[in-house]
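Each chain gets a letter, A, B and so on, in the order the sequences are listed, and its residues count up from 1.
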4 protein chains.
Amino acid sequence: MPRPDMRAERIPQILDAALLVFARSGFDQTRMEDIAEQAGLSKATIYLYFSSKDELILALLKRFFDQSFEALTALQTAEGPVAVRLLEWTRQRMAEMQAQAAFLSIGFEFHALAARQETSRQLVRQSYAQYRRGIAALIQQGVEQGELQAINVEELAVAIISIYEGLTVLWMLEPGTVDVVGVAEQAVRALLVCYGRDN
Amino acid sequence: MPRPDMRAERIPQILDAALLVFARSGFDQTRMEDIAEQAGLSKATIYLYFSSKDELILALLKRFFDQSFEALTALQTAEGPVAVRLLEWTRQRMAEMQAQAAFLSIGFEFHALAARQETSRQLVRQSYAQYRRGIAALIQQGVEQGELQAINVEELAVAIISIYEGLTVLWMLEPGTVDVVGVAEQAVRALLVCYGRDN
Amino acid sequence: MPRPDMRAERIPQILDAALLVFARSGFDQTRMEDIAEQAGLSKATIYLYFSSKDELILALLKRFFDQSFEALTALQTAEGPVAVRLLEWTRQRMAEMQAQAAFLSIGFEFHALAARQETSRQLVRQSYAQYRRGIAALIQQGVEQGELQAINVEELAVAIISIYEGLTVLWMLEPGTVDVVGVAEQAVRALLVCYGRDN
Amino acid sequence: MPRPDMRAERIPQILDAALLVFARSGFDQTRMEDIAEQAGLSKATIYLYFSSKDELILALLKRFFDQSFEALTALQTAEGPVAVRLLEWTRQRMAEMQAQAAFLSIGFEFHALAARQETSRQLVRQSYAQYRRGIAALIQQGVEQGELQAINVEELAVAIISIYEGLTVLWMLEPGTVDVVGVAEQAVRALLVCYGRDN
DNA sequence: TATGAATGAGGGTTCATTCAT
DNA sequence: AATGAATGAACCCTCATTCAT
């Protein structure tokens with residue numbers, strides 16, 4: 001087993017390569033050989049760092065979500081009105097999603113995996129739950145500061161994340177037609193103000 | 001090539017079987033043999049009706065979305081206030097989604113396919129576009145009848161469908177925690193009333 | 001799974017081919033491809049009849065020993081003095097061994113397998129035990145008919161079989177030098193007359 | 001290339017390790033890695049002392065037989081009646097075989113190798129020939145001293161060694177059932193007295 | 001119409017061997 | 001002298017697809 005410093009170099013190298021080719025061809029249609037080529041290594045070398053294709057996919061899944069939520073904590077400790085912060089966050093997230101368009105298929109494939117395998121589902125679930133709690137905590141700040149009216153905070157967070165997720169699908173299908181930043185902003189604004197209110 | 005009446009019987013039989021095993025194992029991990037077993041036929045017989053595995057998947061994709069929107073036309077010609085009809089539709093759709101939970105993975109896999117293949121993307125896009133137009137037309141009715149305020153109808157439709165899509169993901173991950181029917185209803189109500197409005 | 005009549009044809013065909021190439025290259029150095037070629041089939045076809053290489057080897061092992069002992073029963077029911085019959089049997093066995101020289105390596109490899117795997121050992125042990133019992137029963141006939149003196153019949157059978165086995169090794173090493181038929185005959189004769197006697 | 005004194009230390013260390021793991025898993029199923037682990041060295045270090053796996057096996061083969069016959073010369077120069085010495089030798093040899101039970105599989109695998117490769121066969125043959133000559137010389141002593149009757153000395157030696165070899169197989173299969181020391185002793189005694197005699 | 005039988009074309013994984021340090 | 005790291009070459013096994021019956 002390679003030494004730690006070598007692993008620290010090779011593992012991201014391999015995961016980056018895997019991300020690229022998985023995005024292009026899907027988990028199953030991608031051959032270990034493809035990943036190796038993309039990484040500039042030999043097939044056998046991949047197996048020095050990941051014991052199987054499945055383990056590689058799992059490692060990717062973990063990294064995928066770990067990275068996603070570092071920004072979230074920053075969001076909660078930032079200054080200013082909650083609504084402003086959340087809308088800024090919304091814009092950033094949608095922009096980021098567009099920038100990462102090439103990798104969207106991997107996210108959908110993770111959903112498919114999660115929908116059919118308990119192991120994957122648990123991993124993905126934890127990430128989304130953490131995500132949801134982050135958004136909910138932010139909204140709760142707004143409520144406590146009197147900026148937002150008291151409603152079901154958890155549900156509102158779910159609705160907002162749903163907007164993000166759903167828009168990702170629709171934008172992927174029609175990138176030219178759907179103004180994802182605009183719709184996301186408007187929808188989140190509407191939800192913040194009106195969700196759970198009698199109208 | 002089998003006679004038409006034979007095809008009318010076998011094709012749904014095979015597609016039903018495929019739906020089941022694809023949902024369980026994914027497109028790539030499912031073998032033609034698995035489909036044949038589930039259908040009570042032999043592998044070779046499948047090839048009398050579908051020229052390849054890919055074609056079978058495409059046929060499934062088509063049927064998958066065709067079925068989804070038959071109810072939509074009924075929605076537009078029904079009676080009563082638009083908001084009531086849309087909320088009822090929302091409830092039905094979420095209930096239907098829960099009832100079809102076992103097949104959700106297929107939907108996600110279609111998204112993954114669409115994200116990486118132009119051919120699949122066009123198919124899925126058309127379905128979603130038709131869907132979006134249906135919802136938009138309904139909202140437009142409400143605007144014309146003075147029931148809803150004039151806003152960007154197309155965008156609102158996109159936001160509403162996003163809620164459906166996103167909630168499907170979140171519910172799949174935590175079926176016990178997320179009250180999809182409730183959240184969907186509240187969110188759609190909020191969007192209908194507040195989307196695009198200054199608040 | 002192929003029909004019985006097809007299996008009855010293919011299985012011996014495959015086992016015959018396997019015997020040949022295993023004898024030439026050993027179990028591990030033989031590739032499934034080699035067996036397939038020798039059998040005039042494709043690799044995949046082998047897997048229609050044997051689920052793995054190991055299973056194929058086991059099947060061969062079984063057939064190997066099953067065949068060996070059909071003649072043994074005939075030996076016990078034949079007419080004439082026991083000593084004469086046993087010596088005739090000895091000559092035949094050694095001649096047969098020489099005729100099958102090309103396959104000796106398989107026998108040795110079975111011994112190696114048996115020496116290190118419980119599963120294989122049980123199979124081989126049963127065959128040898130059956131063999132030993134056959135020889136012992138024959139000798140017992142001689143004792144009961146007053147032809148041979150009473151001694152430890154079981155042990156004598158073990159000694160005789162050891163001669164067969166050991167001579168096989170020595171002959172394999174020096175086929176030109178060792179007169180297996182002659183030595184086997186003389187040795188068995190000596191054992192029959194003198195084993196366990198005070199001299 | 002390591003210095004001689006280093007070689008004198010490492011080579012037995014590696015051969016001992018190889019013996020152990022080869023006995024457990026067979027030549028082909030054993031990986032160089034396994035040998036290295038057992039020897040407490042790294043894989044690459046093995047290659048400092050043996051240029052390939054095959055060479056390592058050959059070296060083991062040589063050592064295996066070299067060791068076996070050091071005692072043989074002692075046997076010929078010892079005092080006392082030949083029969084007594086040979087029977088003592090027989091007992092020792094069978095006891096030694098039982099003590100080395102764990103390594104029997106290697107011997108059988110050498111037989112298999114010898115049966116299919118000329119190179120290995122020559123090596124093994126020389127060892128057995130030397131062995132046979134040793135036993136024959138001993139018997140010849142007995143004949144010349146008038147202790148044993150004149151018969152075909154070479155053939156008798158072959159018969160005796162066959163007993164050793166054959167009993168090894170039978171004992172390996174049924175260590176609890178076969179009294180190898182007893183049978184070997186009785187059988188050798190019978191052969192000494194009666195082999196080649198008219199009875 | 002249906003299928004038992006067959007197979008070509010891989011794909012994941014392993015391992016003997018090499019080499020820079 | 002020793003080894004961590006790397007890899008080319010295989011090999012077992014699988015599976016979409018074909019075809020004779």
Side-chain angles (χ1 to χ4, degrees), chain A residues 1-7 9-10 28-36 40-56, chain B residues 1-3 5-7 9-10 28-36 39-56, chain C residues 1-7 9-10 28-36 40-56, chain D residues 1-3 5-7 9-10 28-36 39-56:
Chain A
M1 177 153 313
R3 281 165 306 162
D5 54 339
M6 209 68 226
R7 297 178 67 81
E9 183 181 341
R10 286 277 175 271
D28 290 292
Q29 301 281 347
T30 294
R31 304 162 355 188
M32 291 301 271
E33 178 93 41
D34 299 328
I35 300 173
L41 297 169
S42 83
K43 225 186 337 174
T45 301
I46 308 286
Y47 282 91
L48 288 181
Y49 299 92
F50 297 93
S51 66
S52 70
K53 193 180 179 182
D54 275 355
E55 208 204 76
L56 207 170
Chain B
M1 172 128 343
R3 281 166 300 139
D5 54 340
M6 209 67 231
R7 295 177 65 81
E9 182 181 340
R10 286 278 176 270
D28 289 292
Q29 301 280 348
T30 295
R31 305 162 345 182
M32 293 300 270
E33 177 90 40
D34 299 327
I35 301 173
L41 297 169
S42 83
K43 235 186 322 179
T45 303
I46 308 283
Y47 283 89
L48 290 179
Y49 299 93
F50 297 94
S51 67
S52 72
K53 191 180 180 183
D54 277 354
E55 207 204 72
L56 206 168
Chain C
M1 178 152 310
R3 283 165 306 165
D5 53 340
M6 208 69 227
R7 297 178 67 81
E9 182 181 340
R10 286 277 175 271
D28 289 293
Q29 301 281 348
T30 295
R31 305 163 352 188
M32 291 302 271
E33 178 92 39
D34 298 329
I35 300 173
L41 297 169
S42 82
K43 223 188 336 177
T45 302
I46 308 286
Y47 283 92
L48 288 181
Y49 299 92
F50 297 94
S51 66
S52 71
K53 192 181 180 182
D54 276 355
E55 208 203 75
L56 207 170
Chain D
M1 171 129 343
R3 280 166 299 140
D5 55 339
M6 210 68 232
R7 296 178 66 81
E9 181 182 342
R10 287 278 175 267
D28 289 292
Q29 302 281 349
T30 295
R31 304 161 344 179
M32 292 300 271
E33 177 89 41
D34 299 328
I35 300 173
L41 297 169
S42 83
K43 236 187 320 179
T45 302
I46 309 283
Y47 282 90
L48 290 180
Y49 299 93
F50 297 94
S51 68
S52 73
K53 192 180 179 183
D54 276 354
E55 207 204 74
L56 206 169

Inset, instruction - Between B:L41 and A:D54, name the one whose nearest nucleotide on DNA chain E is closer to the 5' end. - result: B:L41
Inset, instruction - Could you tell me whether the phosphate oxygens of F:dA6, OP1 or OP2, come under 4.0 Å of any side-chain nitrogen or oxygen in A:R10? - result: yes
Inset, instruction - Check every atom of E:dA5, F:dA16, F:dC12 against the side chain of C:M6 and return the nucleotide holding the closest atom. - result: E:dA5
Provide a list of protein-nucleic acid N or O atom pairs under 3.5 angstrom, restricted to nucleotides 8-10 of chain E.
from	atom 1	to	atom 2	distance (Å)
E:dG10	O6	C:K43	NZ	2.9

Legend entry - Exercise: identify the closest heavy-atom pair between D:A36 and D:S42: CB-C, 3.7 Å
Inset, instruction - Using a 3.5 Å limit on both pairing distances, list the dot-bracket string of DNA chain E from the 5' end; Watson-Crick and G-U wobble pairs count, crossing pairs take [ ], interstrand pairs take |. - result: .||||||||||||||||||||
Legend entry - Length of the line joining C:R7:CZ and E:dA5:C1', which is rounded to integer Å: 12 Å
Legend entry - Nearest-Å distance for atom pair CZ/P, residues B:F50 and F:dA16: 15 Å
Legend entry - Separation of atom CG in C:L48 from atom P in F:dC13, rounded to whole Å: 14 Å
Inset, instruction - With sequence neighbours left out, write down each residue that passes side-chain contact (heavy atoms from CB on, under 4.5 Å) with B:Y49, or none if nothing qualifies. - result: B:P2, B:M6, B:R7, B:R10, B:I11, B:I14, B:T45
Inset, instruction - Taking side chain to side chain donor-acceptor pair (under 3.5 Å) as the test, write out the residues that go with A:E9, two or more places apart. - result: none
Inset, instruction - Only counting residues at least two apart or in another chain, list the ones meeting salt bridge (Lys or Arg N to Asp or Glu O under 4.0 Å) with D:K43. - result: D:E33
Legend entry - Atom-to-atom span, OH of D:Y47 to P of E:dT17 - whole angstrom: 4 Å
Legend entry - OP1 or OP2 of E:dA6 under 4.0 Å from side-chain N/O of C:Y49: yes
Inset, instruction - Tell me which of C:K53 and D:G40 sits closer to the 5' end of DNA chain F, going by the nucleotide each one is nearest to. - result: D:G40
Inset, instruction - Measure the distance from CD1 on A:I35 to P on E:dT13 and round it to the nearest whole Å. - result: 10 Å
Inset, instruction - Go through the structure and list residues passing side chain to side chain donor-acceptor pair (under 3.5 Å) with A:R31, not counting sequence neighbours. - result: none
Inset, instruction - Not counting sequence neighbours, which residues clear side-chain contact (heavy atoms from CB on, under 4.5 Å) with D:Q29? List them please. - result: C:D28, D:S25
Legend entry - Between C1' of F:dC15 and CD1 of B:I46, the distance in whole Å: 14 Å
Legend entry - Between C1' of E:dT14 and CG of C:D28, the distance in whole Å: 13 Å
Inset, instruction - To the nearest 0.5 angstrom, please state how far the CE atom of D:M32 sits from the OG atom of D:S52. - result: 7.5 Å
Inset, instruction - Quick one: which residue pairs count as a salt bridge (charged side-chain N to carboxylate O under 4.0 Å, His left out) with a foot in residues 47-56 of chain A, not counting sequence neighbours? - result: none
Inset, instruction - Could you state the atom-to-atom distance from CD of D:Q29 to P of E:dC15 in whole Å? - result: 9 Å
Legend entry - Earlier contact from the 5' end, DNA chain E, for A:S52 and D:T30: A:S52
